[in-house]
Amino acid sequence: MILHTLLDYDTLRVIWWLLLGVLLVGFAVTDGFDLGVGTLLPFVARTDVERRVVINTVGPIWEGNQVWLILGGGAIFAAWPHIYAMSFSGFYLAMFAILFALILRPVGFKYRSKRESAAWRSTWDWALFIGGFVPALIFGVALGNVLQGVPFRFTNDMRMVYEGSFLGLLNPFALLAGLVSVAMLAMHGGAWLALKTEGAVAERSRSFATVAALATIALYALAGVALWKLVGGYELTSAHVANGPSNPLAKTVASGVAGGWFTNYRNHPWTMLAPVLGFAGALLALLGLRARWEGITVIFSGLSVAGIVLSVGASMFPFIVPSSIDLRSALMVWDASSSHLTLFIMLVCALVFVPLILAYTTWVYRVMWGKVRAHDITHGDHAY
């Protein structure tokens, strides 16, 4: 228990804020190219064999990639219960839409080639498109709403009340954030397809990924300008109690702070690494696509995805989910976590299991390495 004593409450809270970011980045980078591949499927593949080639680039690995989403949900439930209560209640319909779309993916993979009918297979191809495009869009819309503040509040007995609507989430800035998400994951998926396929499919994937990389740069820059000019940030106005109890109502917060989400960049210049990585990764991916650097381009696009996701957390710290209707209900690193002991036990579990997951994932990628070719599909017994 010496380690438990050395890691005080506020340190553990920051560690779990960082771990939550790692899990979200892990999901965005690994399952992100799966979603990007699904989004591009109807456009980069024109024949049945080409579509099967595209599907088989992610078919054997998508389940392992989605482990990061499960880990993220579990971490929020155990380490940040107030955030879990708000997200999975307030965003219920949005979560339902994401789950419905994600369920279409395994069903599409398994059933698409069960019948020879062109109509049957085309239907499942579009289902796989929905399974890629819809989650990519909604995840971005969710982050756009978090940056603006979510209409929730806590009662005095700590019961969460959500006063928004599903349509209210589809506001202009949130939709812009959704387009950033779709563009960056399409870029990442296109880079993956350029690496894993050959011939016409690889050429089309390279072309679409190039367009997506340009769109990522433009939309990300536009979102940054909109965040600076149109979206007011939040600021803690009461005393900073980093080691206090998890009571969101024991503070005061100001809203509508002009450029408030850029304060951390001014006060801590090293946080600029996140948005710089977002832009630089996309630019390098664009260069890699044009130069046909297949393997390293996937790394560049993944770095861009990681930078864009991390820039949200870097700009908002110490806020995690601000409230737009009851400012003191805003959820922060210091007042939304589980107990000291819970965070410590979970940290020990994370130190054991996350390396195992990384090792297994590395092994799977090594086994499945190499291009997927049309000959493998038409003459293989295990292809989708």
Close side-chain approach of Asn56 and Val372, heavy atoms under 4.5 Å: yes
From CZ (Phe344) to OG (Ser338), nearest 0.5 Å: 15.0 Å
His188 and Val29, any side-chain heavy atoms less than 4.5 Å apart: yes
Exercise: identify the closest heavy-atom pair between Ala28 and Leu185: O-CD2, 3.8 Å
Lys196 (side chain) donor-acceptor with Gly370 (main chain) under 3.5 angstrom: yes
Side chain Thr57, main chain Leu193, donor-acceptor under 3.5 Å: no
Pair Asn247-Asp335, side-chain hydrogen bond (donor to acceptor under 3.5 Å, both in side chains): steps then yes or no: CA-CA 5 Å; Asn247 179 11; Asp335 61 14; over 6 Å; no
Within one Ile-Leu-Val-Met-Phe-Trp-Tyr cluster: Leu7 and Trp16, side-chain cutoff 4.5 Å: yes
From CG (Leu343) to CD1 (Ile15), nearest 0.5 Å: 9.5 Å
Acceptor/donor pairs from residues 133-144 side chains to any protein atom, 3.5 angstrom cut, sequence neighbours excluded:
none

Ser339 and Thr342: CA distance, side-chain angles, deciding distance, side-chain hydrogen bond (donor to acceptor under 3.5 Å, both in side chains) verdict: CA-CA 5 Å; Ser339 68; Thr342 299; 2.9 Å; yes
Side-chain (Lys251) to main-chain (Thr237) donor-acceptor, under 3.5 angstrom: no
Contact check, side chains of Leu331 and Phe154, non-hydrogen atoms, under 4.5 Å: yes
Taking every non-hydrogen atom, the tightest pair across Gly164 and Pro151: CA-CG, 3.6 Å
Single-linkage hydrophobic cluster Val352~Leu71, side-chain heavy atoms < 4.5 angstrom: no
Whether Ser238 side chain and Thr252 backbone form a donor-acceptor pair below 3.5 Å: yes
Co-membership, hydrophobic cluster, residues Phe100 and Leu35, 4.5 Å side-chain: yes
Verdict with reasoning, Arg204 to Glu50, per salt bridge (Lys or Arg N to Asp or Glu O under 4.0 Å): CA-CA 11 Å; Arg204 294 189 203 109; Glu50 287 181 348; 3.0 Å; yes
Backbone of Gly260 reached by a side-chain donor or acceptor of Trp228 within 3.5 Å: no
Trp80 vs Ser246 side-chain heavy atoms within contact, under 4.5 Å: no
Ionic contact status for Asp8 with Arg13, cut-off 4.0 Å: no
Under 3.5 Å donor-acceptor, Tyr234 side chain and Gln148 backbone: yes
NZ/NE/NH1/NH2 to OD/OE distance under 4.0 Å, Arg52 and Asp125: no
Close side-chain approach of Met332 and Leu236, heavy atoms under 4.5 Å: yes
Phe43 and Phe129 aromatic ring geometry - parallel, tilted or perpendicular at 30°/60° bounds: perpendicular
Same apolar cluster: Leu351 and Leu18, side chain cutoff 4.5 Å: yes
is_close_aromatic(Tyr84, Phe77), centroid dist under 6.0 Å: yes
Main-chain N/O of Ala186 paired with Thr39 side-chain donor or acceptor, under 3.5 Å: no
Residues Leu40, Ser205; criterion side chain to side chain contact (heavy atoms under 4.5 Å, CB included); working and verdict: CA-CA 8 Å; Leu40 294 177; Ser205 299; 5.7 Å; no
Leu284 side chain reached by Phe279 side chain, heavy atoms, under 4.5 Å: no
Evaluation steps, side chain to side chain contact (heavy atoms under 4.5 Å, CB included), between Leu347 and Leu19: CA-CA 9 Å; Leu347 178 61; Leu19 283 175; 3.8 Å; yes
Leu195/Trp192 under side chain to side chain contact (heavy atoms under 4.5 Å, CB included): CA gap, chis, key distance, verdict: CA-CA 5 Å; Leu195 170 67; Trp192 175 258; 4.3 Å; yes
Val333 backbone acceptor or donor facing Ser337 side chain under 3.5 Å: no
Check against side chain to side chain contact (heavy atoms under 4.5 Å, CB included), Thr11 and Val14: CA-CA 5 Å; Thr11 301; Val14 173; 5.9 Å; no
Distance flag, aromatic centroids of Trp68 and Phe27, threshold under 6.0 Å: no
Closest non-hydrogen atom pair between Gly108 and Leu128, with its separation: CA-CD2, 4.0 Å
Heavy atoms from other residues, nucleotides or ligands near CZ of Arg266 exceed 12 (cutoff 6.0 Å): yes
Ser323 side chain to Phe152 backbone, donor-acceptor under 3.5 Å: yes
Residues Glu116, Arg121: salt bridge by 4.0 Å N-O rule: yes
Non-hydrogen side-chain atoms of Asp10 and Trp334 separated by less than 4.5 Å: yes
Minimum heavy-atom distance Ile320-Val146, with the two atoms named: O-CG1, 3.4 Å
Main-chain N/O of Ala191 paired with Thr297 side-chain donor or acceptor, under 3.5 Å: no
Heavy-atom closest pair, residues Gly131 and Leu102: O-CD2, 4.3 Å
ILVMFWY cluster, Trp126 and Trp124 together (side-chain gap under 4.5 Å): no
Intermediate values then yes/no, salt bridge (Lys or Arg N to Asp or Glu O under 4.0 Å), Arg105 and Asp31: CA-CA 12 Å; Arg105 287 204 297 172; Asp31 205 41; 3.1 Å; yes
Met158 side chain reached by Pro248 side chain, heavy atoms, under 4.5 Å: yes
Quick one: side chains of residues 305-318, donor-acceptor pairs under 3.5 Å with protein atoms, not counting sequence neighbours, listed by atom name and distance.
unit_1: Ser311; atom_1: OG; unit_2: Tyr220; atom_2: OH; d: 2.8
unit_1: Ser311; atom_1: OG; unit_2: Ile308; atom_2: O; d: 2.6
unit_1: Ser315; atom_1: OG; unit_2: Ser311; atom_2: O; d: 3.0
unit_1: Ser315; atom_1: OG; unit_2: Val312; atom_2: O; d: 2.9

Positive for salt bridge (Lys or Arg N to Asp or Glu O under 4.0 Å) with Glu198, one of Arg292, Lys371, Arg373: Arg373
